[in-house]
Amino acid sequence: MYREFKHLHLPSVDAEIRQFWEDERIFEKSVEQRPTENSFVFYEGPPSANGKPGIHHVMARTVKDLFCRYNTLKGFRVDRKGGWDTHGLPIELQVEKELGITKEDIGKKVTVEEYNQACRSTVMRYKDLWDDITRRMGYWVDLDDPYITFKNEYIESCWWVLQQLYNKKTTSGESFLYKGFTIQPYSPAAGTGLSTHELNMPGCYKEVTDFSTVAMFKVRREDASAKFFDADDEDLRILAWTTTPWTLPSNVALTVGPNIEYAKIKTVSPYTGAHVSVILAKDRVSAYFNADDENNVLSTFTVGDKKLPYSVAQSSIKGSELVGLRYEQLMPTPAATTPELEAKGFRVISGDFVTTEDGTGVVHTAPYFGADDFRASKAAGIPFIGIPNPKNPELPFPLVDKQGKFVEEVPEFGGRYVKAEYYSKEVTSDKEFKPTDLLISLRLKEDNKAFKIEKYKHNYPHCWRTDKPVLYYPLDSWFIRASAARERMSELNKTINWKPASTGTGRFGQWLDNLQDWNLSRSRYWGVPLPVWRTEDGEEEVCIGSVESLRSEITKANTALGLSQTLADDLHRPYIDEVILVSASGKPMRRELDLIDVWFDSGSMPYAQWHYPFENQEVFKNNFPANFIAEGVDQTRGWFYTLHAIAAMVFDSVAFKNVVSNGLVLDKEGNKMSKSKGNVVDPFETIAEYGADATRWYMMANANPWDNLKFDTGGIIEVRNKLFGTLFNTYNFFALYANLDGFKMDEFKVLPYNNRTELDRWIISKLYSLVADYREAMDDYDVTRACRAIEEFVDEHLSNWFVRLSRRRFWKGELNDDKTAAYQTLFECLMVTSQLMSSVAPFFSDWLYRNLTAPIKDVAKAKNTPLRHDSIHLSDLIVPDASKIDKDLEKRMAYAQRICSLALSIRKKEKLRVRLPLQKILLPVLDAAFIAEVEGVKDLILSEINVKQIEYITDATGLLKKGAKANFKTLGAKLGKDMKDAAALIANFSNSDINELEQSGWLKILIHGTEYTITPEDLVISTEDLPGWKVASDGELTVALDIHMTPELLAEGTARDLVNRIQNIRKDKDFNVTDRVTVTLERHNAILAAVEQFHDYIKAEVLATDLVLADEVEGEKVELDDVVKVGIEVSVN
RNA sequence: AGGGCUAUAGCUCAGUUGGUUAGAGCGCUACACUGAUAAUGUAGAGGUCUCCAGUUCAAAUCUGGAUAGCCCUACCA
């Protein structure tokens, strides 16, 4: 017996199947049964278990899961090792919050040991919740043996990868892992550098008002600059704008755009009235001068005047001409001045980042305090400015210290905080208080070095913890020389199949094209320690690539330095920091205190998850690179990048061949989900309410996964009702009648398709067309297309055409061949559908499969047939079978559907109910094949629309009125401008015009004096009307309905009405479908003819043994139509 | 600020290489149909395809620009 159900409750289906999977180890079996050498490699991007899973995780993991399942069905072995991301700032921040400490307290209030212990116990806090959601959503991933990034083995593999990079050299002999410094966001108030992540925390970028200053840099008169001077004593200045006047003492260069045009303007200094000539970008002149004042006499100016008289002295100086000009240092700090700086610095250099959107088109350049400045001056070979560093003359100490104060050596401003915000409130609330930026500006003004001082509003980053502005400051860092592999990475990227493609070419591709070195250092505590040990002078260093070599280095050091160190069980800080190694020359070496970027952890997972190369070399070989990965699009610069970068640099390979980046899950209105807005969707609740499958299906089918999803439970309900509800009903229908007939699928007695009806062969053809479409879409990682194809098949074709039209076959008569064919056809459709949908809807599909196969499972197992598998997820994906696809048949059926639809619309218009039979429909013949095609599906049409016969109308009858429309595609090319008029002409063609064209094969038309020859292909001809008939048309097909009524037809209609009413009564009274009944009808004039002529028909339809007429009937009166009410009584025998 | 993505009916989305009257589902209205249905059928209402300009005989579709939303990257002085 097939199981029958009252209602569909998807969460119960989930529970039943989940239990079955766990009891029978279905996931494990699905992997193990496939051969290791035929692997489809999937990498799990590790989630962090220190936060609760959200609905967006269901989205991302559905994408991962379904392609893994799909490829399992295709016969691949898809090992799915789970993983946990356990390091990183979010974890540290959470711990700090819970311990009530800040980073500064680490090592003071709590030891590093305690701190890291706290991190370790926090990272897996929500593991149980994660495991639970994983099971509930049906995400198959190996959670028993996941990789965990804090484990020693994992760290060791990371070290190995780092050592590979350390040992790898560029063509110019530079290591891929190096120590340098960069200009990084730094919070003097917190005393710490800030990560990009911290800078991107909400609210970090704030609109602030700073003093902006246009400073005047005095050009030296030399041979090179002579051409810009009109006179020897001319005071020539370059104008440069800054929003950070505190960086002016650190100025070493001015950057101009090589292709920007500059102008030299003769004017006066607004604050002193002194005559000066200034150079600035031509496009910016109007920002500082008013055209009305041009050529006014300079001597008319008095200080305080708003209007600046000026005249243009030179108007098209290319930026490149200015390069090399030397100028006098603006604000000298004698202690920082060196001969080298004097020789090489204080020059105009060139930079392509310069724009003329604001400022003067000249960028004041202070390399220690700006990333662009740093790059530009480095490229120009300009030394840094600062207090001499005896250890490293090339890297003097900045003029601003780590507290954010000018060093004492800076004249006038030494000891002052550079930003007002760094002072305490008491200081700043003093009325006399002036921010340093303002004081500097005033100083410049007084010294005739300022051109304009004003307030300026802009976005500036702030430290999330102290809320004070961030400085850009030179900090030591370890880098991976990613820029050296830029081209190779870009090349490899082109071989990756990105979904959507634009992420690969755009977002990711452009990122690669502008790749900078990867700053690896993090001044944190809980993470993978950088395995580099250095001597104090930095002269010697070693990069450790394995625990074993670390051990032997320790032994070496113990001997050389007389120590007795052992390696702790934990490779984290603080233990690792205590390890002292010995250099080749016998000096002690200490570990560089940095941790590495957590993204390096996760980017190393292809190797580290297997503890490669220390173990599992074979396994790794079979599992690299990945065939498929998937994560949110926000990972583009994160995991996608680090995977790619490491694989490219260390293995000269891609890390993944196909990648799906899914979009965000937003709330119903399109807002980002956030706790503060209270619009977060709880995945547990959603799945408990609607089931995992409906949720998963909705997320995949509603929109492409890479688009953002506006999450609306209404959409899940729609999926549940339309897809799962329909499929459930179809199954239930099958089970109900199969049980009544005692039908069981028999794989050894499958009726040949040739012997089945047109309708059977049609749905089989549709089914195998679906198989082909589905596989094509899935192979292209286009799950949305695949889902929509299934939806259409189930709803449109299977349920609302095949089953609807086949109902009689199932409940009429004995189990004969036709009935068996109907069962087998429906069975096959359900079976294949179950398999196709199993990737996205793993629970329901398995439930359906198991219900369908339960009655024959023992036989199937004994005889080893395709249905022997306990689970759909253990089966082999159905292969496309072109022999089962009959496109002509599909076309015929499409005709039938359209003809029925048109006929029904006429009935509707004429208020002729479908139970009332009509004599005939008339069909104008479209082409030679048309009659044969329609004849093939004639019976279906006649029964569906309850009409006795079809009559074909050809031209010869003269009844047709034809219409013609221009075929714009073919005619447009020929006619060009005359197209519009031609279309109008053709629309007015008469029957005879059209007939002439059809018969002779061509016709001449004249438009604006030009004659064109048109052929039948240039027209779309349709039959528009059959004058005198009730007609409906969809543009191509036309249907006319004969609505003449005869007594016979009326009686038959009434008989069918009676059958319907009696069936309703049966249903109301909850009779079994097989119950035999006695029917008593009230003797009423309206039904006499029907009962007389269709006595047997009625009896057969309603399973009545007796049908009698009586004057009085006990049952209630039933409405037959608006007027007639008849008493009907139905009783079980 | 830069880069990327998106913009089509009240809602969620289709719309192939430019080509006839821009489609579907949901929702709404009315009427049917039902011996599987949480269904279904028919009809109706609902669109300046975000805006502007250009290319073209012809633009939702191609080009340029603008606007809005989102993501990423950001001290562009």
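Worth knowing before you read on, the calculation uses all heavy atoms, side chains too, and leaves out hydrogens, waters and symmetry mates. Order of the sequence lines fixes the chain letters, A, B, ..., with proteins taken first and strands second; residue numbering starts at 1 for each chain.
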Reckon [X] touches a base, only the sugar-phosphate, or nothing at all at heavy-atom distances under 4.0 Å?
X: A/Glu1101; value: base
X: A/Asp513; value: nothing
X: A/Asn732; value: nothing
X: A/Arg807; value: base
X: A/Asp712; value: nothing
X: A/Ser799; value: base
X: A/Ala240; value: nothing
X: A/Leu664; value: sugar-phosphate
X: A/Ile717; value: nothing

Work out how far the [atom1] atom of [N] is from that of [M], and round it to whole angstrom.
N: B/rU34; M: B/rC51; atom1: C1'; result: 49 Å
N: B/rA9; M: B/rA24; atom1: C1'; result: 11 Å
N: B/rU21; M: B/rG15; atom1: C1'; result: 15 Å
N: B/rU8; M: B/rC52; atom1: P; result: 16 Å
N: B/rG64; M: B/rA22; atom1: C1'; result: 25 Å
N: B/rA60; M: B/rC13; atom1: C1'; result: 15 Å
N: B/rU61; M: B/rC49; atom1: P; result: 10 Å
N: B/rA36; M: B/rA45; atom1: C1'; result: 32 Å

Would you say [X] reaches [N]'s phosphate, i.e. side-chain N/O to OP1/OP2 under 4.0 Å?
X: A/Asn1060; N: B/rU34; answer: yes
X: A/Asn702; N: B/rC11; answer: no
X: A/Tyr731; N: B/rA36; answer: no
X: A/Arg915; N: B/rC33; answer: yes
X: A/Lys710; N: B/rG69; answer: no

Open item on the list: Looking at A/Asp795 and A/Lys722, is any side-chain nitrogen of the basic one under 4.0 Å from a carboxylate oxygen of the acidic one?
Closed with: yes
TODO: Please determine if A/Arg785 and A/Glu776 form a salt bridge, counting it only when a charged side-chain N lies under 4.0 Å from a carboxylate O.
DONE: yes
The side chain of [X] is closest to which nucleotide in this list: [options]?
X: A/Trp511; options: B/rU73, B/rU34, B/rA36; answer: B/rU73
X: A/His7; options: B/rA14, B/rA36, B/rA38; answer: B/rA38
X: A/Arg788; options: B/rU42, B/rC13, B/rU40; answer: B/rC13

Whether the [X] and [Y] side chains hold a donor-acceptor pair (N or O, under 3.5 Å, no angle test) is what I'd like checked.
X: A/Arg907; Y: A/Asn946; answer: no
X: A/Asp741; Y: A/Tyr823; answer: yes
X: A/Thr247; Y: A/Thr244; answer: yes
X: A/Thr213; Y: A/Ser441; answer: yes
X: A/Thr726; Y: A/Ser799; answer: no

- [ ] For the pair A/Arg284 (side chain) and A/Gly359 (backbone), establish whether a donor and an acceptor sit closer than 3.5 Å, ignoring hydrogens and angles.
- [x] yes
- [ ] Identify all stems in which RNA chain B takes part, counting only runs of at least 3 consecutive pairs (Watson-Crick or G-U wobble, each distance under 3.5 Å), and give each as one range with another, ordered by first number.
- [x] B:1-7 with B:67-73, B:10-13 with B:23-26, B:28-32 with B:40-44, B:50-54 with B:62-66
Task: Rounded distance in Å - CZ (A/Arg907) to C1' (B/rU42) - done: 12 Å
Open item on the list: Within the 4.5 Å heavy-atom criterion, are A/Phe734 and A/Leu830 side-chain neighbours or not?
Closed with: yes
